[in-house]
Amino acid sequence: MTTATSKTEASRHIAAEKEKWLRAYRQMVRIRVFEEQVNELYTRALMPGLAHLYSGEEAVAVGICEALNLDDYITSTHRGHGHCLAKGASPDRMFAELLGKEAGYCRGKGGSMHIADPATGNLGANAIVGGSVGIATGAALTAKKLGNGRVAVCFFGEGALGQGSLYEVMNLAQLWKLPVVYVCENNLYNEYTHYSETTAGTILGRAAAFGIEAETVDGQDVRAVHETATRLVNRARAGEGPAFLQADTYRYSGHHVGDINREYYRSKQEEQHWKSERDPIQLHGTWLLEQHYADPGVLEGIAGEARKEMEAAVKFAVEARYPRAAQVSEDVYA
Amino acid sequence: MTTATSKTEASRHIAAEKEKWLRAYRQMVRIRVFEEQVNELYTRALMPGLAHLYSGEEAVAVGICEALNLDDYITSTHRGHGHCLAKGASPDRMFAELLGKEAGYCRGKGGSMHIADPATGNLGANAIVGGSVGIATGAALTAKKLGNGRVAVCFFGEGALGQGSLYEVMNLAQLWKLPVVYVCENNLYNEYTHYSETTAGTILGRAAAFGIEAETVDGQDVRAVHETATRLVNRARAGEGPAFLQADTYRYSGHHVGDINREYYRSKQEEQHWKSERDPIQLHGTWLLEQHYADPGVLEGIAGEARKEMEAAVKFAVEARYPRAAQVSEDVYA
Amino acid sequence: MPERELTFAQAVREALAEEMRRDERVCIFGEDVAEAGTPFKVLSGLVEEFGRERVLDTPISEAGFTGIGVGAAMTGLRPVIDIMFGDFLTLTMDQMVNQAAKAHYMSGGHWKVPMVLRTTLGATRRSAAQHSQSLQAWFSHVPGLKIVLPSTPYDAKGLLKSAIRDENPVVFFEDKMMYKLKGPVPEDDYTIPFGVADVKREGDDISFVATSSMVQVALGAALLLEKEGISAEVVDPRTTWPLDEETIIESVKKTSRVIVMDEGYGRYGVAAELAAVIAEGAFYDLDAPVKRMGAMHVPIPFSPPLEDLTVPTEQAVCEAARHLCGKS
Amino acid sequence: MPERELTFAQAVREALAEEMRRDERVCIFGEDVAEAGTPFKVLSGLVEEFGRERVLDTPISEAGFTGIGVGAAMTGLRPVIDIMFGDFLTLTMDQMVNQAAKAHYMSGGHWKVPMVLRTTLGATRRSAAQHSQSLQAWFSHVPGLKIVLPSTPYDAKGLLKSAIRDENPVVFFEDKMMYKLKGPVPEDDYTIPFGVADVKREGDDISFVATSSMVQVALGAALLLEKEGISAEVVDPRTTWPLDEETIIESVKKTSRVIVMDEGYGRYGVAAELAAVIAEGAFYDLDAPVKRMGAMHVPIPFSPPLEDLTVPTEQAVCEAARHLCGKS
Ligand SMILES: Cc1ncc(C[n+]2csc(CCOP(=O)(O)OP(=O)(O)O)c2C)c(N)n1
Ligand SMILES: Cc1ncc(C[n+]2csc(CCOP(=O)(O)OP(=O)(O)O)c2C)c(N)n1
Ligand SMILES: [Mg+2]
Ligand SMILES: [Mg+2]
C-alpha cells in the first residue's frame, strides 16, 4: 500500500487508541465520583443501610468490561457499583436503587447489593459471598448451548476463595468447556481480616488444579487488565474454555461506608501508599498525558463532566418517589 | 557392636517384618471374606437395604490403618466396612449392625453406612459423599488443641472431589497446620460414571493448590500404601501439617450389592484385568512366599481362620435380637 | 378400550420426554442421569433420545450444578435438575433459597428463574437417617418457590409438565417408594394447575388431608374404615405452595373432623401448616381438634422394626380416625 | 443498690467469657470474630482475654468450619461457631442437619456433638433479602437439634450458658436489631433451662405467644392495650425445641384468645407450629381462631417503606388484639 494510505491507517489507529483509552479514563473517573456521592449520601443520612465502595479498584471493572460486548454477561458482588457502571448501567437509576426508590433498577427492592440490569447483561450483584459463581457459570452454559457467542464474567473478591461452590463450578466449567471468566479481585482483605490469614497455598493454583487457564494482573493498571481480559475473553468466546484472572488491587475506604476506624486491621501508611503511588486513575492519567492523548485540561474536563453527571443523578434519585405499598407483594412470582 | 548381637538384631528385625506383613495379609483377607458374607446375606435376602462392598480396595484401608494407633481417628464412607475392620472393629457387631440388630455398633440404628466406634477412633461411616471431611478435620483440630498427639485420617472416594466443602476444610487444615491426612480412594467410578467425566485437571493439584503435601500411591500394593501412609501420618503427628494421599484402586463388585449389570459403564475385561493382574491380596501373598515369610499352607490357614471368624460373626448377627420398639426414641438427644 | 397404565416413574419420564420434544430449551442435569438413568432408573432412555447435549451427567456437586441451573434458567434454558435423594437438598439451600427464590423479587421483576428441581422423599427403604428424609417443609416456608408433591402417576405427569412450563423455580418431590406404583395416565398432553387440591375420595364423616406418600396411606385407611361404617374423604393439596386452602377447608366444614398427614416431621412441618390453616378456617365447624400425623420426631433409624414405627401407617390412621369419630 | 444493666450484646459476650473461663474446651470460631469482634462487635475483647488459640478467625467457609465444629465437638472441644447472618445458615444445612443432628442417634448414642451455632435473625436493618431472614423454623423441624431464641439480655446470658453446657448441637438465634437493647443482667453465674417458657407479662384478656424480636413487640403492644382496658399476657417459649407446650396452653386456657408471633415467615413456620399446638391443646377453650403473625410472605425488600410493611408492628398487633377481643 502507498505511504499515504498507511499514514491515514496509522493516524486512524492512533485516533482509535486515543478514544479507547480516554474512554477507559472517563469510566474510571465516573465510578470514583459515583462512590464519592454514595459516601456523601451515607454521611448525610440520605441512604438507608450500608454500601461497599469500589474506590481504588476501578481499573479492574473498567479494564474487563471494556473487553465485553453489551450482551455479554456479568455477575457482581456486594461491592458492585463499579461493575454495574462499567458494564453500562446509568447512575440515576443506580442512585435511585440505593435510596430504595421506585425508579431504581430493582424498583427499590434490591438496594446497593442487588442491582441487576438485563439491558446490560448484568445478572445481578450478590450479597452472598461466592453466591453468583453458579449463576455466571450457568449463563455460560446457556451461551454455549444456544451458540450465541456470549461470554460470562464472574466478579468476586478473594474472600470468595473460601466458598467451596467456586471449586464445584470451576470443575464443571472446565469439563464442559464453558465461556466463563472468573475474575478474582484481590484487594487484600476479607472484611477486617487480611487474606493471607484466610488463604493457604496460592490463588492461581486454585484454578490451575482444574486445568483452567489462570493468570494474574496488576489491577491498578487499566491497560494491563484490558489487554489480559481481552485475551481471556476472546479465548473463551472462541470455545477454548474458562479462564481465571487474579487482579491485585486495593479498596481505599472501609469494608463498608460505616467502617471508619481501620487501624486495628490495616495501617494508614498502607492506605496512603496505595492512594498516592498506585492510584489507577492517576497512573492512567499520567500515561495519557505522556502519550499526548490528552492535556491536563481535557482530564479536568472529564472529571467535571462526571461530577455534573453524578450530581444530577443524585438529584434525580433524591427527588424520585418511593414504591407504593402495594408493590411489596409484587414480583414474588413471575 | 559384635556380629553376634547384630545377628540377633537382624533376625529380630526379620521376625518383626514377617509378623507385620503377615498381619497385613490377614487383615486384607478378613475384609475380603467379610464382604463375601455381606453379599451372601444380601442375595439370601437376610440383609435389609443395600451395602457397598470394599472388595478389591483392601490394601488401602489396611496399609493406612496399620500406620495408625488405636486412638487415632478415622472417618469413613458409604463403602466403609474395610475401614472399620482395618481400624479394629469386630465383625460380629458389624454384621449385627448390617442386620439392624441391637447388638450392632449403632444398636441397629445406623446400618451399613453409619458404623461408628469410639473404642477404635472410628468417627463414623457417612452416607453423604464428602460428608465427613469437616468431621475428620475437626478431630484433628481437637488433637492439636489438646496436644494429645493423635492424627485423623479422612477416607473418601474420588467422587468426593466434587464436593466444595473438601476445599474449604483443606484450606483451613493447612492454615491451622492440623494433623489430618486426606485419603482419596480413586477406584475410577462415581457410582456409574467414570471419574474422568467428573474430574477436570488433576487430583493432586486439588490439594497442592492449598500448599498441602500431596502424593499418589498404588492402592493395590499394601506395602507401598503402608510406607507412604507411615511417612505422611508421622509428618502430621510431628506437627508438620496435613497431607493428601491419592490411592489408585478398583472396586470389584457393583457400586452396591444390587448393581449387577455393569456393562453399560464398564467392561467385563476391565474388571477381569484388575482381579487377575492387580489383586492386592494375591500380590502380597506372592511376595510373602518369595520372602519365605510364609508357605502356601500358612496363607491357606489365614484364609481358613478368616472364613471361620466371619461365619461365626454372621451366625451371631443372624441370631441376635432386634431393638425393642421403645429404643426408636432413645439416643435422639444426649 | 381400557385406560393405559403407567408406573409413577414412567409417568415422570413421559412428562420429561414430552416437554423436551416440545421445547428445545429443556435440559436435564444431575448425577448419573444419562446412561444410568439415575439409581431409580426414572430417566432411563432419555439420553438415548435427546443425547448428552441435553441430558448431562455432573460431578457430585449439588450446590454447584444447582447454582448453574439458576444461571442457565435466568438466561434462556429451562433446566430440570436432579437431586438424587431429598436429603442432599441440604447442599442446595443457598442456591435455591438465597438465589433462585429471590432473583425475581430482588431484581424488581427483571430476571426470571424458570427451573425445576426434581428430588425424592420418603422412608422405609432401609436407607437410614441420611437417605430417608422428607424436607418439603423447608421449601414451603420460602416465598419465591413453588412446591409440588404428586401422589399418583396421573398427577406426576400433569404436575411435572406444569412445573417445566412455569416461569418460577419449582421444587418437585417424588416419593421414592412410589416409583413402581401403577395408575392410569393418558397419552395426551395435559397439565395440572398448581394450587388446586384434588379430592381423591369423597366421604362424609372425616377428612384426610394428605400429601405425596401419605395420600396412598389415607386411601388405604379410607377403604378399611368404609367396612366399619366410617366414610372418609381424602383431599390431596398436590402443591404446598401455592396452597388450595379453600378446598381443604370446604371438606373439613363438611366432615367436621380431620387428620392431616405428611411424611415429613409433623413438628414445624407441612402438617403444622395444614393444621393451622384448618383450625383457623374451619374453627366454627370442627367437632374435634385437628389430628396431625407425620414422621416420628427422630432421625430415621436403619433397623426395620424401628423404621416402620416412624412412618404413619393405614392402621395408625384408622385408629386415629375411629377415635376422632368416637368409634373407639 | 440498683440492678446492673447490660445490652443484649454485652450479655452474650459475658456468657461466652464466663464459660470460656470455666471450661478450657470452649472455643470460638467464625469470620472476623477475633480482633474485629464480628461486624456487630458482639465478641469485642474476647480475643484479648483468651487469645487467638481460642478465638479463631476463619475464611469465608461456613460449611467448612461448621463441619470442623462438628468433628471438634465429637472429640472433646466445645466449639461456639459464629454465623454472621442467619441467611448464611443455608450453607451449613448439610453439616447441621445430616451430621450434627444425627451423629448421636446414628451411632446408637456413642458419639455426642456438644456444639453451639450462634447466628442472627431479623429484618428492618435495610439489608435486603439476603441479610434479613429469620430461619429458625428449618432447624426447629429437625430432631437432634435444640433451638434457642432469647428475647432479653437476661435470657441471652442464661440461655447461652445452658447452650454451651448442653451435650447436644444447639442453634442460638440473636436478633441483630436487639443487640443494643438494655436490661438487667445479674453478675452471677446463672443458667436458664431449655423447654421452660417465660411469662414476660401477666394478663387476662388475650395471650401473645411470641419469640425473640416479637417478644418486645408484644410487650409494647400490651402496654398500649392496657390503656384501652385490654389486658394481654405475653408468653415467651424461649426455645422452640424443646417446646414448653404446657405453659403456652395454660395461658391460652386462661385468656381464651391468642396471637402467635415469630419474625420468620408465618407460612410453614414457627407461628404455624405454635398455632397448631394451641388449636389442639386449647381446643375447648378458644373463643376465636388462633391469630398468626409473622413476616409477610415475600423476600425482604430493601426499600424502607416496603420493608417496614413486612414485619409485625405494635400497631398491627394491637389492631389484631382489639379485633379478637371484639373491641373494634
Ligand atoms: C456466605 C457469606 N459469608 C459471609 C458474608 C459476610 N461478608 C460480606 S462481604 C465479606 C468479605 C468479602 O471479602 P471479599 O470477597 O474479599 O470481597 P471484598 O469485600 O474485599 O470486595 C463478608 C465476610 C457474606 N456476605 N456471605
Ligand atoms: C452429597 C451426596 N450426593 C450424592 C450421593 C449419592 N452417591 C452415593 S455414593 C456415590 C458415588 C461416590 O463415588 P466415590 O466418592 O468415588 O466413592 P465410591 O462409591 O467409588 O467408593 C453417590 C453419587 C450421596 N450419597 N451424597
Ligand atoms: Mg477482598
Ligand atoms: Mg469412586
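Fair warning: this is a prediction, and the values are worked out from it, not measured in the lab.
Considering only heavy-atom pairs separated by less than 4.5 Å from chain D, the leading option among Lys101(A), His114(A), Met113(A), Glu102(A) is His114(A). Here Ile60(D) is the residue among Asp87(D), Val298(D), Ile60(D) with the most heavy-atom pairs under 4.5 Å with chain A. With respect to chain A, the highest number of heavy-atom pairs below 4.5 Å among Pro39(D), Pro59(D), Ser127(D), Ser303(D) belongs to Ser303(D). Interface remark: of the candidates Asp259(A), Leu50(A), Ile128(A), Ile128(A) forms the most heavy-atom pairs closer than 4.5 Å to chain D. Of the listed residues (Gly104(A), Ser112(A), Ser329(A), Gly110(A)), the greatest number of heavy-atom pairs within a distance under 4.5 Å of chain D belongs to Gly110(A). When each of Arg52(D), Arg125(D), Glu307(D) is checked for heavy-atom pairs under 4.5 Å with chain A, Arg52(D) comes out on top. Taking chain D as the reference chain and counting heavy-atom pairs below 4.5 Å, the highest number among Ser165(A), Gly258(A), Gly162(A) is found for Gly162(A). Counting heavy-atom pairs closer than 4.5 Å to chain A, the top-ranked of the candidates Ala36(D), Ala128(D), Ala34(D) is Ala36(D). When the candidates Gln163(A), Arg107(A), Lys109(A) are compared by the number of heavy-atom contacts under 4.5 Å with chain D, Gln163(A) comes out ahead. Comparing Pro299(D), Ala63(D), Pro305(D), Ala129(D) by how many heavy-atom pairs each has under 4.5 Å with chain A, the most go to Pro305(D).
A distance of 11.0 Å separates OG1 of Thr58(D) from CD of Glu197(A), quoted to the nearest 0.5 Å. Atom-to-atom distance recorded for Gln327(A):CD and Leu309(D):CG is 11.0 Å, nearest 0.5 angstrom. Interatomic distance, NE2 of His78(A) versus NE2 of His131(D), reported as 8.5 Å (0.5 Å rounding). Atoms CG and NE2, from Asp32(D) and His255(A) in turn, are 8.0 Å apart once rounded to the nearest 0.5 Å. Atom CD of Glu31(D) is separated from atom OG1 of Thr198(A) by 9.5 Å, given to the nearest 0.5 angstrom.
Around NE2 of His323(D), the count of heavy atoms belonging to other residues, nucleotides or ligands within 6.0 Å does not exceed 12. Residue-environment remark: NZ (Lys41(D)) exceeds the threshold of 12 foreign heavy atoms within 6.0 Å. Heavy atoms of other residues, nucleotides or ligands lying less than 6.0 angstrom from CZ of Arg324(A) number more than 12. Other residues, nucleotides and ligands contribute at most 12 non-hydrogen atoms within 6.0 Å of the CD atom of Glu53(D).
For Leu98(A), the part lying near chain D is the backbone, with the side chain staying farther off; criterion is any non-hydrogen pair under 4.5 Å. If you measure heavy-atom distances from Asp57(D) to chain A, the contacts under 4.5 Å come from the side chain alone. At a 4.5 Å heavy-atom cutoff, the contact between Tyr192(A) and chain D is made by backbone and side-chain atoms alike. For chain D, the nearby part of Leu99(A) is the backbone; its heavy atoms alone come within less than 4.5 Å. Contact annotation for Thr90(D): neither backbone nor side-chain heavy atoms come within less than 4.5 Å of a heavy atom of chain A.
Of all heavy-atom pairs between Ala127(A) and Gln130(D), the closest is N-OE1, 2.8 Å. Summarising the geometry of Phe302(D) relative to Glu97(A), their closest heavy-atom pair is CE2-O, 3.4 Å, with the distance given to 0.1 Å.
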